[in-house]
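Just so you know, these numbers use all the heavy atoms, side chains as well, and skip hydrogens, waters and symmetry mates. Start at 1 and go down the list; that is how both ligands and their atoms are numbered.
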Amino acid sequence: MPFTLHGLPVSQGIAIGHAHLVSHALLEVNQYVIAPRHVEAEITRLDEAVAQVHAELRTLRATPTSAQSEVAAFVDLHTMLLDDPMLTVAARSLIRERRCNAEWALVQQMEQIVEQFEAIDDPYLRERKADVVQVVERLLKVLLGHPGSVSPRRKEDLGTIVVAHDLSPADTIHFKDNRQVAGFVTDVGGATSHTAIVARSLGIPAVVGLRHVRHTVRDDDIIIIDGARGIIIVDPDERVLDEYRLRKSELELERSKLKRLRSNRSATFDGELISLQANIELPRDLPQVRDVEAEGIGLFRTEFLFMNRDELPDEDEQFEAYRTVAKAMTGKPVTIRTLDIGADKALKSGGPRMETNPALGLRAIRYCLAEPQMFQTQLRALLRASQYGKIRILLPMISHAHEVDAALHAIALAKASLRADKVKFDDSVPVGGMIEIPAAALSLGMFVKRLQFLSIGTNDLIQYTLAIDRTDEAVAHLYDPLHPAILRLIHQTIQVGARNEIPVSVCGEMAGDARFTRLLLGMGLHQFSMHPSQILEVKQEVLRADYADLSAKVARLIKLDEPERLREAVERL
Ligand code: PEP
Ligand code: MG
């Protein structure tokens with residue numbers, strides 16, 4: 001039976017594919033101690049689950065598919081793992097001796113085995129830990145009353161829709177390597193969480209905050225993601241599938257038409273030049289940047305170089321990454337933000353502590369200043385790369401003058417150490433700051449004196465001004481870029497920048513949302529930075545805009561404080 005679920009639209013477009021349920025939620029099983037009299041029954045429960053998974057695997061092996069030998073190979077491997085005493089015999093002992101429930105016993109044992117696999121040198125064998133996890137998942141599904149689906153119901157032409165309780169930005173960045181992933185849907189998450197941001201940068205449709213999708217959808221179910229409306233349709237009938245196939249190809253056609261704007265000069269109808277730059281997470285995003293002929297990199301979120309790994313990247317590795325980007329951009333500005341780790345962007349190891357309010361904790365510039373050695377490594381790498389292009393250093397989450405002073409001091413130290421090592425760098429690398437904390441937007445005087453450019457991070461500015469966690473779907477409806485307070489903070493920052501001849505850009509998600517292009521132009525914004533996939537749509541708005549007319553209209557609009565009137569005025573712009 002088809003059914004529809006509603007969530008938050010985070011990345012536009014339509015995807016049609018087969019569900020692939022990912023493990024995190026499933027592996028977070030209940031853990032409890034059972035009464036001694038229930039021990040034998042619990043062991044029987046486990047044994048029955050093992051027998052059922054054996055039967056599932058046998059059925060799977062006997063079902064004809066186009067990839068018979070691959071299926072046989074993994075079924076044999078999974079059967080072998082299922083028979084391995086390390087897994088089930090040890091799990092039985094945990095039930096008997098420690099009186100753990102069956103699910104808990106399995107997960108504990110799985111963790112032990114995975115740890116052993118991780119220590120193996122051979123990369124092929126090391127990767128087999130994923131098979132251990134999959135076998136345990138199959139067992140858990142049976143135990144939790146969700147027998148695994150075994151029929152290969154997949155249609156050849158469809159991609160994969162990842163279905164998860166939650167995905168971290170670190171998980172999502174993996175999809176850059178896996179072009180099979182056509183889209184993803186999650187139970188939790190907010191529209192400007194970094195997971196959503198990465199989805200947009202990949203150009204794959206995504207809907208988050210669906211609440212119960214992980215438990216409602218089964219592996220291999222066909223799912224349609226309607227990214228613009230924030231809905232998913234599970235198990236659609238042929239008529240609905242055809243309708244969405246048509247809409248998908250229409251959207252693709254519209255996107256390809258936009259490509260014609262690639263080489264157009266980015267200026268408003270009345271001739272005001274507007275710079276449209278790109279946000280990137282990794283050097284491998286460069287082809288997309290080139291495709292749309294972005295005028296520079298307005299934000300390189302360097303923290304993505306630091307994620308999904310045990311050891312932090314050393315100076316040479318970072319230098320290579322920054323140099324690659326600087327060289328590829330051939331003299332166009334490349335704004336590299338120093339590490340903005342913390343909150344939803346966690347390091348695998350050695351990162352900030354577990355905190356009650358991580359978004360208010362030791363993140364971004366606070367973390368860098370607390371880890372001077374790590375900061376020096378990054379600054380030296382950045383400065384070394386400045387020889388190869390037009391690098392600008394951007395400090396995230398500044399709130400006070402002393403943080404900027406300390407960061408500038410750190411940059412001076414990095415320069416001195418490079419000089420001592422006789423390493424060349426560009427001594428005049430501009431240093432700027434992110435305006436994303438209301439306190440910074442309200443006290444720009446101290447920043448314009450110390451910095452050479454400003455960049456408004458609307459994602460955090462909205463989060464902190466409205467006290468709304470950007471990753472929490474429960475308050476997502478309150479996340480309002482058009483709140484009068486937000487508009488005033490942005491407007492004021494752009495105006496103060498102009499008065500002080502300090503360039504101001506917007507690099508938060510508002511800059512890439514074509515619904516806000518005219519509003520930002522009317523506020524006097526001349527530099528926008530967004531995902532490459534959004535640049536041409538925004539350019540289309542810029543080309544149609546009359547800058548002088550918008551300035552006059554926005555000067556009036558900004559005085560409104562009745563939200564509905566404001567919203568209408570923005571729509572009428
Ligand atoms: C922002 O906060 O708007 C921003 C651009 O930084 P990030 O999204 O990486 O926090
Ligand atoms: Mg931010």
Option with minimal heavy-atom separation from atom 5 (C) of ligand 1, where the choices are E281, E436, R301, R363: R301

Show me which atoms of ligand 1 lie under 4.0 Å from any heavy atom of [X].
X    : answer
L299 : 5 (C)
M434 : 4 (C), 5 (C), 6 (O)
I197 : 8 (O)
C507 : 5 (C)
R470 : 2 (O), 7 (P), 8 (O), 10 (O)

R323 to Y388, cation-pi by 6.0 Å centre distance and 45° axis angle: yes

Stacked cation flag R470 on Y479, 6.0 angstrom / 45 deg: no

Any salt bridge linking R384 with D316? Criterion: basic side-chain nitrogen under 4.0 Å from a carboxylate oxygen. yes

Structural part of [X] in contact with ligand 1, heavy atom criterion under 4.0 angstrom:
X    : result
N279 : neither
R337 : side chain
I456 : neither
Q463 : neither

So is E509 polar-close to ligand 1, meaning N/O to N/O under 3.5 Å? no

Please indicate whether any nitrogen or oxygen in E303 is less than 3.5 Å from any nitrogen or oxygen in ligand 1. no

Evaluation steps, ring pair (Phe, Tyr, Trp, His ring centres under 6.0 Å), between Y547 and H526: CA-CA 10 Å; Y547 186 85; H526 283 78; 5.2 Å; yes

For the salt bridge (charged side-chain N to carboxylate O under 4.0 Å, His left out) test, which of E509, E281, E537 pairs with R200? E509

Specify the protein heavy atom at minimum distance from atom 7 (P) of ligand 1: its residue, its atom name, and the distance to 0.1 Å. H194 NE2, 3.1 Å

Value rounded to 0.5 Å, distance of CZ in R211 from NE2 in H165: 11.5 Å

Atom CZ of residue position R565 - does it have more than 12 heavy atoms of other residues, nucleotides or ligands inside 6.0 Å? no

Run R567 and E571 through salt bridge (Lys or Arg N to Asp or Glu O under 4.0 Å) and show every step you take. CA-CA 6 Å; R567 196 170 305 280; E571 275 164 21; 6.0 Å; no

Taking the side chain as every heavy atom from C-beta outward, state whether M434 and L454 have any pair of such atoms under 4.5 Å apart. no

Where the Mg ion (ligand 2) is the vertex, angle from E436 OE1 to D460 OD2 to 10°: 100°

